[in-house]
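Have a look at the structure below, then the notes.
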Amino acid sequence: MSACLSDPHVTVLYFAWLRERVGVGEERISLPADIRTAGALIEHLAARDAAHAAAFENRQTVRCAVNQDFAGPDAAVGPGDEIAFFPPVTGG
Amino acid sequence: MSACLSDPHVTVLYFAWLRERVGVGEERISLPADIRTAGALIEHLAARDAAHAAAFENRQTVRCAVNQDFAGPDAAVGPGDEIAFFPPVTGG
Amino acid sequence: MSTIRVQEAAFDTGAEIARLTEGRPDIGGIGCFVGTVRATRAHPIAALTLEHYPAMTELALARIAAEATARWHLLGCTLIHRVGRLLPGEPIVLVLAAAGHREAALEATAFLIDWLKTKAPFWKKETLVDGAETWVDARDTDDAAAARWA
Amino acid sequence: MSTIRVQEAAFDTGAEIARLTEGRPDIGGIGCFVGTVRATRAHPIAALTLEHYPAMTELALARIAAEATARWHLLGCTLIHRVGRLLPGEPIVLVLAAAGHREAALEATAFLIDWLKTKAPFWKKETLVDGAETWVDARDTDDAAAARWA
């Protein structure tokens, strides 16, 4: 949210089997101007390569947090945000 | 219950404020042949003296156990039994 | 397996949990309740004195533990109740219930303390800071809490 | 007052209860839940590995603690969650809720573990005795348990 318009990047984090499928726990990606929600970001990421496609293959089991707060697919995302994707939590 | 008919005694125990009012925690008393329930025993004891009368003055707040098991006023009592009287319990 | 004790000494909750769970990897959750002597500005007690019916107490506690064990298939259960004179902040009672899953462990814990409060022969006398002594009255809410498990 | 910790090391439940209740004679009851790594003959796991989202975890736990504190007027609350590799029988999570009376303490304890299971970013991977590894699936019953507090 603390965006610098000249740096349209977001930090994307992956946990549990999403991390294993993507192959990295964290990546910094350039955010296209037309990607404004977490749901749109998922589509954008899933189209990148086979690893990302596999991670997002079952959208129903993917949960999201934007800037360390749980968020749905309609949540706004913008430059500077930290967006995390992970399966439903299983702590406790 | 393990009665010896030649020894018609019961052990009566008192706890909390019943003990304080009666003045003793335990007494061995001779059980008249016509006293066959805990309720009848209360009436018998309450008639003994002022201390017992004071202990049993509010029957609604007196609870009973016969041979270490909670019992109502209709519970059978007989020679050899241990009968305890006390207020509603307040542990925990 | 149940541990039932009535004692004057304080108990060690961590050690009791360790004892309960030792060698039992089939346990998935332990519910616990510790009751303490409560003193507030509105009700400034100096001490609580716990009396009980020695010949009956452990029997009554064992019955309560057996009931909980049967209802919730507990893998272990601990009831420790102190007697004698206790000061504000001191622990009075420890309830532990171990089960495969948390729902059973926590429900059984609530059941155990509810039943203990209404079906075990303990009586509390309060000593106020001015020295006045009063036997604590049973609470209707305790009867209601116990009744929900009937 | 809340204590929130995420750590690899085991915790000392007795010490945490002591820390929570120290100098607080207005506390009348402490509810507690300890979750442990469960292994059974039907499901013989060798280890559980806990992963979490470090930047978010303590924040999420603090939100859960704040919600419980507000709803049940808690006098203190502790949430400790372990991460890393844990063996069968080892403790995973500690929940403590201190209140004036037992009803609030025990209800808050159930709420805290229910919400923690569905609203804190932890993930469990099981290692079976044959070496196979599987990410644990979320349980529908956990969502249902959390939903009853909505």
Side-chain angles (χ1 to χ4, degrees), chain A residues 1-3 9-29 38 41-42 45 51-92, chain D residues 4 6-7 33-38 48-64 79-84 86 91-95 109-126 133-146:
Chain A
M1 299 294 182
S2 59
H9 285 82
V10 291
T11 301
V12 181
L13 306 179
Y14 303 99
F15 293 99
W17 52 257
L18 274 100
R19 173 179 51 71
E20 290 179 343
R21 291 190 187 177
V22 171
V24 297
E26 177 172 347
E27 56 187 355
R28 193 167 159 73
I29 70 153
L41 179 59
I42 288 177
L45 292 167
H52 285 81
F56 290 109
E57 124 197 300
N58 186 353
R59 305 278 203 282
Q60 286 208 303
T61 61
V62 175
R63 298 291 180 273
C64 173
V66 176
N67 297 326
Q68 299 91 45
D69 206 352
F70 290 109
D74 297 334
V77 301
D81 285 349
E82 176 175 291
I83 300 128
F85 295 106
F86 42 78
V89 301
T90 57
Chain D
I4 307 289
V6 178
Q7 62 189 40
F33 177 76
V34 179
T36 53
V37 180
R38 182 168 188 249
L48 209 56
T49 306
L50 269 292
E51 175 173 331
H52 75 127
Y53 177 1
M56 178 174 171
T57 316
E58 298 201 1
L59 208 58
L61 294 177
R63 281 186 199 120
I64 296 168
L79 295 177
I80 300 177
H81 204 297
R82 294 177 71 190
V83 292
L86 304 175
I92 305 169
V93 61
L94 174 67
V95 170
T109 301
F111 167 87
L112 285 162
I113 186 64
D114 283 350
W115 269 35
L116 188 154
K117 286 206 172 238
T118 54
K119 296 180 199 294
F122 294 96
W123 299 275
K124 285 188 188 117
K125 180 189 249 181
E126 286 178 353
E133 299 199 322
T134 329
W135 289 98
V136 173
D137 278 328
R139 296 199 303 165
D140 290 342
T141 53
D142 286 337
D143 288 330

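As the structure is a computational prediction, the values presented were derived from the model and not from experiment. All chains are named by letter (A, B, ...) in the order of the sequence lines, taking the proteins before the strands, and each is independently numbered beginning at 1.
- Nearest heavy-atom pair, D/Met56 versus A/Ala65, reported as atom, atom and distance to 0.1 Å: SD-CB, 3.8 Å.
- Interface residue A/Arg19: only side-chain heavy atoms are found under 4.5 Å from chain D.
- Proximity to chain A (any heavy atom under 4.5 Å) is shown, for D/Lys117, by both the backbone and the side chain.
- Interface remark: D/Ala120 contributes backbone atoms only to the contact with chain A (heavy atom separation under 4.5 Å).
- Contact annotation: the side chain of A/Glu82 approaches that of D/Tyr53 to within less than 4.5 Å [non-hydrogen atoms, C-beta and beyond].
- Here the side chains of D/Lys125 and A/Trp17 are not in contact, with every heavy-atom distance at 4.5 Å or above.
- For D/Asp137, the part lying near chain A is the backbone, with the side chain staying farther off; criterion is any non-hydrogen pair under 4.5 Å.
- For A/Val89 against D/Lys119, the heavy-atom pair with the smallest separation is CG2-N, 4.0 Å.
- The aromatic rings of A/Phe15 and D/Trp123 sit parallel to each other, their planes meeting at less than 30°, with 60° as the upper class boundary.
- Of the two parts of D/Arg82, neither the backbone nor the side chain holds a non-hydrogen atom closer than 4.5 Å to a non-hydrogen atom of chain A.
- Heavy atoms from other residues, nucleotides or ligands lying under 6.0 Å from CG of D/Asp140 number 12 at most.
- For A/Ala16, the parts lying under 4.5 angstrom from a heavy atom of chain D are both the backbone and the side chain.
- For D/Lys124 (side chain) and A/Gly92 (main-chain N/O), a donor-acceptor pair under 3.5 Å exists by modelled atom type.
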